[in-house]
Colleague: 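The structure's right below; bear with me while I get my questions together.
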Amino acid sequence: MNKSLVQKQVLAAAALLVCMGAAQAQDATAEGIAKYREMLQDGNPAELFEMKGEELWTQKRGPKNATLEKCDFGKGPGVIKGAFVELPRYFADTGRVQDLETRLITCMETLQGFKSEDLYKAADNYGKGESANMVALTTYVATASKGMDFALPQTNEKEKTMYEVGKRLFFARGGPHDFACATCHGVDGQRIRLQDLPNLTQNPGDGVGFAAWPAYRVSNAQLWTMQKRLNDCYRQQRFPEPKFGSEATIALAVYMGVNSKGSESIVPSIKR
Amino acid sequence: MADPMRIRAALAGDETTVRVLMAHIMETGIRKDASGALIPAHFIQDVEATHNGKSVLKAMWSGAVSQNPFLSFKFRGAAKGDKVVVKWVDNKGNSRTDEATIA
Amino acid sequence: MKNTRRSALKATGAFATLVSLGLITQSQAQAAVDRASFAVKTLDDALKAIGGNAATSDQVTVVSPDIAENGAVVPVGVVSKLPNTTELYIIIEKNPTPLAAVFMIPAGTLPDVQTRVKMGQSTNVVAVVKADGKLFSATKETKVTLGGCGG
């Protein structure tokens with residue numbers, strides 16, 4: 001008799017715990033994941049890509065057998081510190097707004113003699129062959145701005161236009177799921193499974209969103225640049241994937257980058 | 001030659017902490033490719049770290065160690081400016097040796 | 001046979017010097033386990049390969065997250081407070097081949113290492129250490145979950 005009463009009490013207590021537990025378990029999970037991510041920060045394999053990029057920066061390559069040391073990313077030839085946090089921006093010599101990755105291709109063509117069509121084609125085979133070199137170089141240049149705040153210029157007409165184009169694209173719904181970037185990234189507090197989805201219509205904060213890519217993804221041991229990240233977002237939405245370096249991707253980067261003004265770049269970061 | 005490691009060695013008090021990032025695919029040998037064929041095992045099996053010629057760590061690894069392995073360990077008896085050398089050998093006989101100066 | 005062994009040892013003069021100086025012991029100079037141990041398929045077999053059952057000890061700590069977002073890269077460390085710790089073993093209980101890594105610790109090196117391992121599923125991470133020739137262990141469960149599409 002005593003036993004069954006105790007059993008009932010235990011069951012009742014257990015049931016209560018389960019209800020409370022669900023909410024607490026979610027917190028514990030979030031805490032656990034945060035701890036996991038923290039443990040990964042020490043020793044980011046992205047450094048291996050950065051090292052490779054540093055080597056390539058000073059290596060004589062291409063038909064012109066020249067290094068990339070005179071490449072101008074917007075702050076003057078050879079200046080890479082602070083360049084990443086001001087990209088994409090307008091370049092007078094090409095007459096267009098370019099991001100880091102397309103600007104790199106411009107330099108590889110003008111300084112080293114590579115054909116840009118070949119490089120764009122190679123970029124489609126992400127992370128392999130010449131794309132691997134471009135990813136390494138992108139990581140190297142981006143890392144030079146680590147800890148600096150985003151300050152994309154919006155002084156040139158084309159820069160301003162790209163911002164508006166990016167905004168339109170961000171909210172444009174389409175594809176078989178009728179998704180837009182905004183579907184996942186348009187409001188606060190959304191999540192896919194364990195990934196928090198930052199609100200990219202505003203400044204999502206230091207090291208978040210635009211401020212976190214390029215990043216090393218442990219799930220596939222790849223270093224993903226912003227071009228790859230955007231390409232994969234479109235793939236996940238079941239949209240046709242954008243061409244590497246397309247105006248659409250650069251416009252979206254301008255939109256996100258300008259929104260991130262003042263937030264700190266933690267690139268290269270490490271992600272699941 | 002295999003891609004270089006990133007080695008950082010820092011002295012605090014009498015302890016030197018060495019942190020190493022190795023570039024290696026660490027293929028287990030149990031994964032299958034698109035056609036269903038097993039991808040051959042290719043992973044670092046032996047690691048050794050030395051300081052002034054003396055071994056300060058030896059490790060034997062399986063394919064269960066993650067891709068682009070990270071290793072951190074601590075030892076005593078070194079001074080700033082000393083060199084730490086790390087060498088790995090994989091199951092195919094490839095190897096890589098890199099060194100770092102203790103900061 | 002005795003003669004060849006002695007002469008072999010003599011030939012490696014440096015080795016003998018290190019042993020005589022007490023900087024390394026004979027057993028430390030040898031590999032801790034043979035390669036075949038990495039092919040065993042159960043926790044029990046892994047323990048057998050290492051040398052038998054290990055007594056649980058609160059002087060041994062498994063440093064691992066409670067929950068890992070991706071089983072491909074799980075930070076795992078072993079720390080031993082036991083004196084004369086010469087070997088550290090990392091075993092992932094439910095992995096196809098549980099013995100993941102072995103570390104040989106010479107005198108002067110702290111029994112404190114961190115690495116990252118692959119975990120096929122939520123399971124126990126078992127750390128075994130050899131101290132003064134005896135085996136001690138600690139266990140911690142790490143849950144492995146799957147992250148989302150992005151990030």
Side-chain angles (χ1 to χ4, degrees), chain B residues 5 8-9 11-22 24-32 38 41 43-79 82 84 86 88-91, chain C residues 14-15 17-18 21 23-24 28-41 46 50 63 68 70-79 86-92 94-120 125:
Chain B
M5 299 179 237
R8 295 220 198 281
L11 181 67
D14 69 341
E15 273 176 26
T16 299
T17 300
V18 183
R19 286 152 57 236
V20 188
L21 264 172
M22 302 174 205
H24 202 285
I25 193 161
M26 300 301 286
E27 193 62 72
T28 58
I30 61 177
R31 281 203 317 151
K32 294 197 174 124
L38 278 175
F43 56 89
I44 292 172
Q45 282 191 317
D46 294 294
V47 181
E48 182 167 16
T50 58
H51 163 250
N52 289 349
K54 171 182 177 269
S55 180
V56 290
L57 184 77
K58 273 209 188 113
M60 294 173 75
W61 284 354
S62 71
V65 173
S66 300
Q67 184 166 357
N68 293 331
F70 172 75
L71 169 66
S72 169
F73 64 96
K74 301 178 185 166
F75 70 100
R76 295 195 178 98
D82 284 356
V84 174
V86 181
W88 60 251
V89 182
D90 70 20
N91 69 317
Chain C
F15 176 90
T17 309
L18 289 169
L21 284 174
L23 285 171
I24 52 168
Q28 280 175 333
Q30 260 59 294
V33 288
D34 63 42
R35 206 70 75 184
S37 313
F38 289 95
V40 303
K41 296 195 174 23
I50 292 171
V63 182
N70 196 297
V73 178
V74 185
V76 170
V78 181
V79 184
T86 53
E87 283 150 28
L88 307 173
Y89 300 81
I90 297 177
I91 301 171
I92 314 295
K94 288 200 188 140
N95 267 6
T97 48
L99 182 60
V102 181
F103 297 91
M104 285 88 93
I105 312 288
T109 297
L110 282 73
D112 178 347
V113 297
Q114 324 285 326
T115 185
R116 292 175 187 159
V117 295
K118 296 168 183 131
M119 290 180 64
V125 178

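Throughout, protein chains are lettered first and strands after them, A, B, ... in sequence-line order, and every chain is numbered starting at 1. Please read all numbers here as calculations on a predicted model, not as lab measurements.
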Colleague: Please classify the contact between C:Asn95 and chain B as side chain, backbone, both or neither, with a heavy-atom cut-off of under 4.5 Å.
Modeller: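 Side chain only.
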
Colleague: Taking all heavy atoms of C:Leu110 and all of B:Phe75, pick out the closest pair and write down the distance.
Modeller: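 Result for this residue pair: CD1-CA, 4.0 Å.
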
Colleague: Indicate the atoms forming the closest heavy-atom contact of B:Val56 with C:Thr109, along with that distance.
Modeller: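 That would be O-OG1, 2.6 Å.
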
Colleague: Before giving the answer on side-chain contact (heavy atoms from CB on, under 4.5 Å), spell out for C:Thr97 and B:Ile30 the whole-Å C-alpha distance, their side-chain angles and the decisive distance to 0.1 Å.
Modeller: CA-CA 10 Å; C:Thr97 48; B:Ile30 61 177; over 6 Å; no

Colleague: With a 4.5 Å cut-off on heavy-atom pairs, point out which of C:Ala39, C:Ala101, C:Gly120, C:Ala100 contacts chain B the most.
Modeller: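 Ranked by heavy-atom pairs under 4.5 Å with chain B, first place is C:Ala100.
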
Colleague: Is chain B contacted by the side chain of C:Val74, its backbone, both, or neither, given a heavy-atom distance below 4.5 Å?
Modeller: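 For C:Val74, the contact with chain B is made by the backbone alone.
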
Colleague: Do C:Met104 and B:Met60 come close enough that some side-chain heavy atom pair is under 4.5 Å?
Modeller: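 Sidechains of B:Met60 and C:Met104: in contact.
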
Colleague: Hey, which of B:Val18, B:Asp46, B:Thr16 has the most heavy atom pairs under 4.5 Å with chain C?
Modeller: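 Greatest number of close heavy-atom pairs with chain C: B:Asp46.
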
Colleague: Relative to chain B, which segment of C:Ala72 carries a heavy atom at a distance below 4.5 Å: side chain, backbone, both, or neither?
Modeller: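 When you check distances to chain B, only backbone atoms of C:Ala72 fall under 4.5 Å.
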
Colleague: At what distance, to the nearest 0.5 angstrom, does CD1 of C:Ile91 lie from OG of B:Ser62?
Modeller: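 Taking CD1 in C:Ile91 and OG in B:Ser62, the distance rounds to 11.0 Å.
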
Colleague: Take C:Phe103 and B:Leu71, measure what side-chain contact (heavy atoms from CB on, under 4.5 Å) needs, and give me the verdict at the end.
Modeller: CA-CA 11 Å; C:Phe103 297 91; B:Leu71 169 66; 3.6 Å; yes

Colleague: C:Pro98 versus chain B, heavy atoms under 4.5 Å apart: side chain, backbone, both or neither?
Modeller: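 For C:Pro98, there is no contact with chain B at all, as no heavy atom is under 4.5 Å.
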
Colleague: Heavy atoms only: give me the nearest B:Phe73-C:Val113 pair and the separation to one decimal.
Modeller: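 In this case the closest contact between B:Phe73 and C:Val113 is CB-CG1, 3.9 Å.
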
Colleague: Would you mind checking which part of C:Phe38 comes under 4.5 Å of any heavy atom in chain B, side chain (CB onward), backbone (N, CA, C, O), both or neither?
Modeller: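 Only the side chain of C:Phe38 comes within 4.5 Å of chain B.
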
Colleague: Using every non-hydrogen atom in the two residues, find where C:Val73 and B:Ser66 come nearest and quote the distance to one decimal.
Modeller: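 Closest pair (atom of C:Val73, atom of B:Ser66, distance): CA-OG, 3.4 Å.
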
Colleague: Where does C:Leu99 contact chain B at under 4.5 Å (heavy atoms): side chain, backbone, both or neither?
Modeller: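 When you check distances to chain B, only backbone atoms of C:Leu99 fall under 4.5 Å.
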
Colleague: Counting only heavy atoms closer than 4.5 Å, note whether B:Gln67 contacts chain C via side chain, backbone, both or neither.
Modeller: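 B:Gln67 touches chain C through backbone heavy atoms alone.
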
